[in-house]
Amino acid sequence: MNIFKYVGSSFLGLPTASNESLSVNYLSLSFKGDLYKYEKAFREDYFKRSVNPFRFSLILSMIFYGAFAFLDAVSVPSLREVFWFIRFGIVFPVLIAAFLFSYSRLFKKFMQFTISCIIFCTSFGIIVMIILAARVGNYSYYAGLILISIFGYTFSRARFIYASIAGWSIVISYQITAIWVSHTPVTILISNNSFFISANVIGMFISYFLELSARIEYYMRIQLEQEKENVNTANDALEKRVEERTHQLSDANLDLKKEIEIRQKFERERAELEKQLFQLQKMETIGTLAGGIAHDFNNILTPILGYTDMALEELPAESNLRFDIEQINNAAHRGKDLVQQVLTFSREVDFENKPIQLQPIVAEALNLIKASFPPGVEIKQHFDQKIGTVLADPTHIHQIVMNLCTNANHAMMKTGGILEVRLDAVKIDQRSAEKIPNLKKGEYIRLTISDTGHGMDIKTKERIFEPFFTRKEVGSGSGLGLSVVHGIINNYGGAIVVDSTPDKGTTFVIYLPKYGTDLMESDKSDKKPLKGDEHILFVDDEPEITFMGKKMLEKLGYKVTITTNSISALEEFKKGPDKYSLLVTDQSMPNMSGTDLAVMLKEIRPELKVIIITGFADTLSDEVISQSGISEVILKPMILDDFSKIIRRVLDKNNNKSL
């Protein structure tokens with residue numbers, strides 16, 4: 001029994017006992033266990049997908065069966081009338097009747113039985129011809145049985161069990177007629193059987209894998225629909241939570257504004273200072289709330305991105321499921337980008353700043369957003385090529401351009417117009433710097449984005465950088481875009497200036513400090529995940545993330561031990577500390593944090609490498625990371641490619657030094 005299961009899993013692609021995601025009967029290929037409930041629906045789906053190929057195979061069968069009538073006249077002219085009667089008087093009516101029966105309501109119930117009968121009927125006609133042809137010394141008609149095997153196992157869409165019964169019935173019938181009726185010579189019988197039985201065995205395997213592939217594809221479609229429902233449920237939950245928090249903040253905002261208006265009557269000289277203090281407190285509150293939402297959503301996105309990344313690694317490029325899984329992966333990445341915006345707004349995430357050229361990033365963003373613009377909007381771009389570089393993160397620049405161009409698109413949606421984007425280098429002197437808030441004299445790269453839309457009045461222009469402020473329809477925007485843009489530019493030591501006139505348009509001018517003059521070329525990273533064979537201890541209090549991490553790391557070749565709490569991880573490590581090369585742990589866990597766990601494990605085995613996974617980068621200072629012996633800190637959600645490279649970099653660090 002174990003040998004049969006090993007053959008089924010190794011050579012036939014069947015699931016093993018340790019992987020019960022797809023459970024089928026090894027002989028009949030029917031779903032079993034928890035998947036048996038899908039058997040009836042699968043047969044219904046298989047019938048719908050098979051009925052047209054079956055009809056087409058009947059037409060091909062009649063064409064080939066009739067075409068070989070010309071060979072009858074050449075090879076056995078004395079038996080031509082008899083053979084033609086078998087072909088056109090017996091077999092053809094059966095095929096035509098089956099073709100007409102395929103349009104009957106009863107055909108669904110008897111389709112596989114009908115296919116088996118047709119295979120046997122057409123083959124029996126060939127067998128009769130073999131008997132008659134043998135009497136005149138012709139033993140070549142066995143080849144017709146090979147052709148019927150090809151049609152029976154492939155084109156007719158017969159299920160494996162039915163096709164096998166029909167195929168071996170034909171083999172037995174041929175043996176009986178060849179030995180006891182036509183008295184075929186032994187040498188010819190052996191030669192014919194070697195071809196015929198080989199074709200029948202090969203046909204069985206083809207039919208087996210065709211049905212197995214159809215069942216796998218059907219099961220994957222079911223899984224895909226379930227994943228889509230999970231993603232939609234997660235998105236709905238996030239939108240509901242954001243809406244609830246927005247209402248709370250709106251009510252708090254109204255109360256605080258009333259208090260400020262009262263204070264302004266008695267303390268006019270201090271009004272501006274109090275207003276700034278109030279704004280700072282409000283931003284801090286929003287940041288705390290936004291960070292909490294982002295952390296919860298990161299835990300939802302982590303398994304979605306992980307499993308879809310692994311599915312894309314396994315699926316071939318020509319798979320019908322690849323496009324659907326890519327859409328789930330893209331939707332999850334968009335959710336990840338939304339979390340990054342929230343974390344950027346709440347100042348809970350840092351990005352890697354490096355010298356970059358703005359021209360290719362702005363051009364890429366324009367190409368990406370161009371498809372969403374209506375035909376009436378014309379895009380003009382004017383880029384000076386030798387403007388130098390800025391010290392920034394490409395994602396932030398892309399985010400700035402996308403937000404401002406999306407707002408311009410909404411402003412020109414109904415009337416059309418011109419979106420103009422300019423890039424040039426400017427030198428700001430002291431007089432010019434005094435006119436622009438938060439700007440110092442020096443060299444800057446200037447990004448200008450202007451539109452000819454409906455513009456803004458003075459009151460709207462004064463509030464556009466406030467969080468959650470929007471004039472768009474419900475569902476068209478969150479009101480976070482411009483506040484995030486404002487925060488990014490301020491963090492880079494730049495400035496943003498807005499000029500707008502109602503019914504004429506809006507212009508945003510962004511100043512970013514110039515970093516250098518040399519042209520920078522971005523390296524293209526290898527997108528292929530890196531693998532290894534070390535033993536990793538993976539700890540996270542979210543079971544979904546733990547199981548996903550185990551599967552992801554095992555796909556990369558690592559040996560993985562998982563636990564869902566720090567205490568059990570410590571006990572597990574004590575059983576065999578020398579076998580572990582790396583600890584991957586969540587930071588925020590009950591009983592013991594990730595850094596505390598790392599300290600305790602490194603006391604047992606000092607050379608242990610440690611990677612911390614967290615949704616809050618600001619909670620880990622450089623001092624804590626250094627004292628705890630942390631090698632890397634990864635922000636959720638984890639991406640397969642990036643995760644694999646970080647693991648290899650950490651594990652290979654000391655090895656490279658020793659070399």
Side-chain angles (χ1 to χ4, degrees), residues 16 18-19 302-303 305-314 525-589 592-614 620 624-659:
T16 63
S18 61
N19 181 14
T302 297
L305 282 170
Y307 283 118
T308 52
D309 279 342
M310 288 186 285
L312 291 174
E313 286 291 324
E314 294 180 356
S525 60
D526 184 10
K527 294 297 182 182
K528 188 176 182 180
L530 301 180
K531 298 185 177 183
D533 58 359
E534 291 88 346
H535 201 139
I536 298 175
L537 178 60
F538 191 99
V539 187
D540 196 296
D541 60 334
E542 293 287 340
E544 296 85 358
I545 297 178
T546 306
F547 296 142
M548 183 277 297
K550 176 180 175 63
K551 188 172 183 180
M552 179 184 290
L553 294 173
E554 288 178 343
K555 290 287 184 183
L556 297 175
Y558 297 101
K559 297 180 284 293
V560 185
T561 301
I562 60 173
T563 65
T564 55
N565 64 78
S566 304
I567 304 301
S568 61
L570 179 60
E571 297 299 326
E572 181 66 27
F573 187 82
K574 289 180 179 178
K575 295 178 183 178
D578 293 333
K579 69 180 180 180
Y580 295 105
S581 301
L582 175 65
L583 167 67
V584 179
T585 177
D586 187 24
Q587 170 62 9
S588 301
M589 292 186 295
M592 188 190 306
S593 67
T595 50
D596 292 338
L597 175 63
V599 170
M600 298 189 69
L601 297 190
K602 287 181 76 68
E603 288 178 355
I604 301 174
R605 188 174 182 219
E607 63 269 25
L608 179 70
K609 308 292 181 61
V610 180
I611 295 177
I612 293 291
I613 304 174
T614 180
L620 292 174
V624 172
I625 293 174
S626 176
Q627 293 177 351
S628 304
I630 307 301
S631 301
E632 289 281 351
V633 177
I634 303 176
L635 287 179
K636 295 180 180 179
M638 300 171 291
I639 308 300
L640 176 61
D641 179 62
D642 298 333
F643 193 30
S644 69
K645 289 180 173 58
I646 292 174
I647 290 176
R648 280 270 41 104
R649 183 167 68 243
V650 170
L651 290 174
D652 297 339
K653 187 174 182 180
N654 285 348
N655 293 336
N656 293 336
K657 288 182 178 180
S658 63
L659 294 175

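What you see is a predicted model, and the numbers here were worked out from it, not measured in a lab.
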For atom NZ of Lys559, decide whether the heavy atoms of other residues, nucleotides or ligands shown that lie under 6.0 angstrom number more than 12.
-> yes
Trace of the side-chain contact (heavy atoms from CB on, under 4.5 Å) decision for Met589 with Asn565 | CA-CA 7 Å; Met589 292 186 295; Asn565 64 78; over 6 Å; no
With sequence neighbours excluded, give me every ring pair (Phe, Tyr, Trp, His ring centres under 6.0 Å) pair touching residues 559-578.
-> Phe573-Tyr580
Test item: Tyr558 and Asp533 side chains (from C-beta on) under 4.5 Å apart, heavy atoms | no
Mind checking whether Leu601 and Leu570 have side chains closer than 4.5 Å, heavy atoms only?
-> yes
Verify side-chain contact (heavy atoms from CB on, under 4.5 Å) between Glu632 and Ile612, making sure each step is shown before the conclusion.
-> CA-CA 6 Å; Glu632 289 281 351; Ile612 293 291; over 6 Å; no
Could you grab the distance from atom CZ of Arg649 to atom CD1 of Ile611, nearest 0.5 Å is fine?
-> 8.5 Å
Find out whether Lys550 and Phe538 are in side-chain contact, i.e. whether some heavy atom of one side chain is under 4.5 Å from a heavy atom of the other.
-> no
Rounding to 0.5 Å, atoms NE2 (His535) and CG (Asp578) come to a distance of 12.5 Å
Look at the side chain of Lys602 and the backbone N and O of Leu608, then say whether any donor-acceptor pair between them is shorter than 3.5 Å.
-> yes
Any sub-3.5 Å donor-acceptor pair from Ser644's side-chain atoms to Leu530's backbone N or O?
-> yes
Do side-chain atoms of Thr561 reach the backbone of Leu537 as a donor and acceptor pair under 3.5 angstrom?
-> no
Closest heavy-atom contact between Asp641 and Pro529?
-> OD1-N, 3.9 Å
Does the pair Glu534/Arg648 count as a salt bridge with the N-to-O cut at 4.0 Å?
-> yes
Considering only heavy atoms from C-beta outward, does the side chain of Thr585 approach that of Ile613 to under 4.5 Å?
-> no
4.5 Å side-chain heavy-atom contact, Phe643 and Ile639 | no
Are side-chain heavy atoms of Leu582 and Val610 found at a separation under 4.5 Å?
-> no
Asp540 and Ile545, any side-chain heavy atoms less than 4.5 Å apart | yes
Salt-bridged, Glu571 to Lys575, with N to O below 4.0 Å?
-> no
Value for CG (Leu651) from OG (Ser631), rounded to nearest 0.5 Å, stands at 8.5 Å
Under 3.5 Å donor-acceptor, Ser628 side chain and Ile625 backbone | no
Taking C-beta and beyond as the side chain, do Thr564 and Val539 meet within less than 4.5 Å on heavy atoms?
-> no
